[in-house]
Amino acid sequence: MDISIVNNDFYLSGIATLVDDIDKQLMVILRDGRTLIAFLRSLDQFGNLVLHQAFERICVGQQYADIPRGLFVIRGENVLLIGELDYRKPLRVPLFEVSIEEILKLQKEDLEKKERIEKLRQKAMIEHGLVDDGNPIEEHY
Amino acid sequence: MLPLTLLRTAVFHPMLVELKNGETYNGNLISCDNFMNIHLRDVICTSRDGDRFWKIPECYVRGNTIKYLRLPEDVLGLVKEDVNERPTRSGPPSRRPYRGRGDGGRGGHAGGRSGDNRKGGGGGNRGGHQGSRGGGRGGQQGGQFRQGR
């Protein structure tokens, strides 16, 4: 087990740090871009997580909506980051809640806009003789 | 309770499996293993965009293609029952044949790993910190980790 001692505090490396976060409400971002907020119930050496009372938070600009999702078992390799939530701190950028239908509509429009920009970018790159193969590691997402 | 333990408890329950490619499989879990390979029955497969559907009587999903699984909330309650029912295991699991310095011992104890395996061993034991069971947890953890290797 890797332990580092900094200023008389000791820090465990890797997944062991998450043991302290059990039963806390965390924000988990997956590699496909989804944001989940849930209570961490357990984990294992692969970083597989059990998330309880999870909801998926979709943000478009400053608007957001929470979709309740329930109980999750997430395969560890799909996690991008896990962060502790501190509700006491005020949001630096205020977010406004909207209905789920509204946010899904906004998300679709946002996605279409991004796709159009990406298409133009790719076209411009090809005109300059550069080819973008995309990201072969993240091709599933 | 470990994630894979929760999955094992959820056998015969309905669940949603989302793969890395975005397809979702809704069905009842028949079996699963330590690699997270799962066997589902009465499955409805939905494409990534949600526009195509297939009804599949039985399917097998390889563990490494899974992004996540969504289970019904009552499965959590079931696991707590299972934990109370199972008798606590004491001592090393005797199933595996002894390899030189006693592999069975490693399964049950925390510190007996060889030098080059330290990180892996630490990972195996780190996972075992939470939860209340003693030897049973250690043995199970060891078994799980060994297969992953």
Side-chain angles (χ1 to χ4, degrees), chain A residues 1-4 11-24 28-34 36 38-56 67-80 104 107-108 111-112 115 137-141, chain B residues 1-10 13 15-23 29 32 34-36 38 48-49 63-77 79-80 110-111 113 118-131 140-142 144-145 147-149:
Chain A
M1 184 144 56
D2 282 347
I3 302 174
S4 71
Y11 296 97
L12 299 169
S13 71
I15 301 160
T17 58
L18 287 179
V19 172
D20 287 332
D21 284 339
I22 282 187
D23 291 334
K24 285 195 190 152
V28 179
I29 303 184
L30 302 182
R31 278 161 71 182
D32 66 356
R34 253 184 270 237
L36 298 172
F39 290 97
L40 177 66
R41 288 302 178 212
S42 90
L43 64 142
D44 64 8
Q45 70 271 35
F46 304 113
N48 297 330
L49 314 168
V50 173
L51 298 181
H52 192 206
Q53 291 166 8
F55 48 92
E56 181 180 339
I67 306 177
R69 296 292 195 191
L71 184 61
F72 264 98
V73 171
I74 301 189
R75 198 177 158 88
E77 57 179 321
N78 301 292
V79 172
L80 200 145
L104 289 173
Q107 190 188 37
K108 196 164 151 218
L111 215 69
E112 284 168 0
E115 274 175 14
I137 295 172
E138 304 277 349
E139 67 175 341
H140 281 301
Y141 304 105
Chain B
M1 104 309 310
L2 298 170
L4 286 174
T5 311
L6 180 68
L7 197 56
R8 225 163 283 142
T9 321
H13 283 75
M15 62 178 51
L16 185 157
V17 185
E18 177 154 334
L19 304 188
K20 289 183 187 166
N21 60 15
E23 287 175 5
L29 180 70
C32 66
N34 283 335
F35 298 109
M36 218 186 272
I38 55 180
R48 187 196 193 114
D49 301 322
N64 69 350
T65 64
I66 293 175
K67 189 189 295 179
Y68 62 75
L69 308 115
R70 278 181 59 195
L71 314 174
E73 290 243 359
D74 45 327
V75 176
L76 256 189
V79 179
K80 292 207 179 80
R113 287 212 173 252
R118 237 181 70 242
K119 259 212 167 89
N125 297 318
R126 260 184 261 141
H129 270 154
Q130 65 326 53
Q140 192 177 2
Q141 192 68 14
Q144 206 168 330
F145 181 69
Q147 288 219 18
R149 235 190 313 147

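Throughout, a chain's letter reflects where its sequence line sits, starting with A, and its residues are numbered from 1.
- Contact check for A:Q53 versus B:E73: side-chain heavy atoms found under the 4.5 Å cut-off.
- Between the side chain of A:N48 and the backbone N or O of B:P3, no donor-acceptor pair lies under 3.5 Å.
- Atom CZ of A:R41 sits about 7.0 Å away from atom CG of B:L76, to the nearest 0.5 Å.
- Note that CG of B:N34 is 8.0 Å distant from CZ of A:F46, once rounded to the nearest 0.5 Å.
- When atom types are taken as modelled, the side chain of B:R70 and the backbone of A:R69 share a donor-acceptor pair closer than 3.5 angstrom.
- A 4.5 Å side-chain heavy-atom check between B:N64 and A:R75 finds at least one atom pair inside the cut-off.
- Judged by distance alone, the side chain of A:N78 and the main-chain N or O of B:I66 form a donor-acceptor pair under 3.5 Å.
- Residues B:T5 and A:D44 have side chains not in contact (no heavy-atom distance under 4.5 Å, counting atoms from C-beta outward).
- More than 12 non-hydrogen atoms from other residues, nucleotides or ligands lie less than 6.0 angstrom from NZ of A:K24.
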Any chance you could lay out the side chain to side chain contact (heavy atoms under 4.5 Å, CB included) test for B:L6 and A:L71, step after step, and finish with the verdict? CA-CA 11 Å; B:L6 180 68; A:L71 184 61; 4.2 Å; yes
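- Here the CZ-CE distance, from A:F72 to B:M15, works out to 13.0 Å after rounding to the nearest 0.5 Å.
- Residue contact with chain A, scored on non-hydrogen atoms closer than 4.5 Å, involves the backbone and the side chain of B:L71 alike.
- Taking chain B as the reference chain and counting heavy-atom pairs below 4.5 Å, the highest number among A:L18, A:V79, A:I74 is found for A:I74.
- Here the side chains of A:R34 and B:K67 are in contact, with some heavy-atom distance below 4.5 Å.
- For the atom pair CG of A:L49 and OH of B:Y68, the computed distance is 14.0 Å after rounding to the nearest 0.5 Å.
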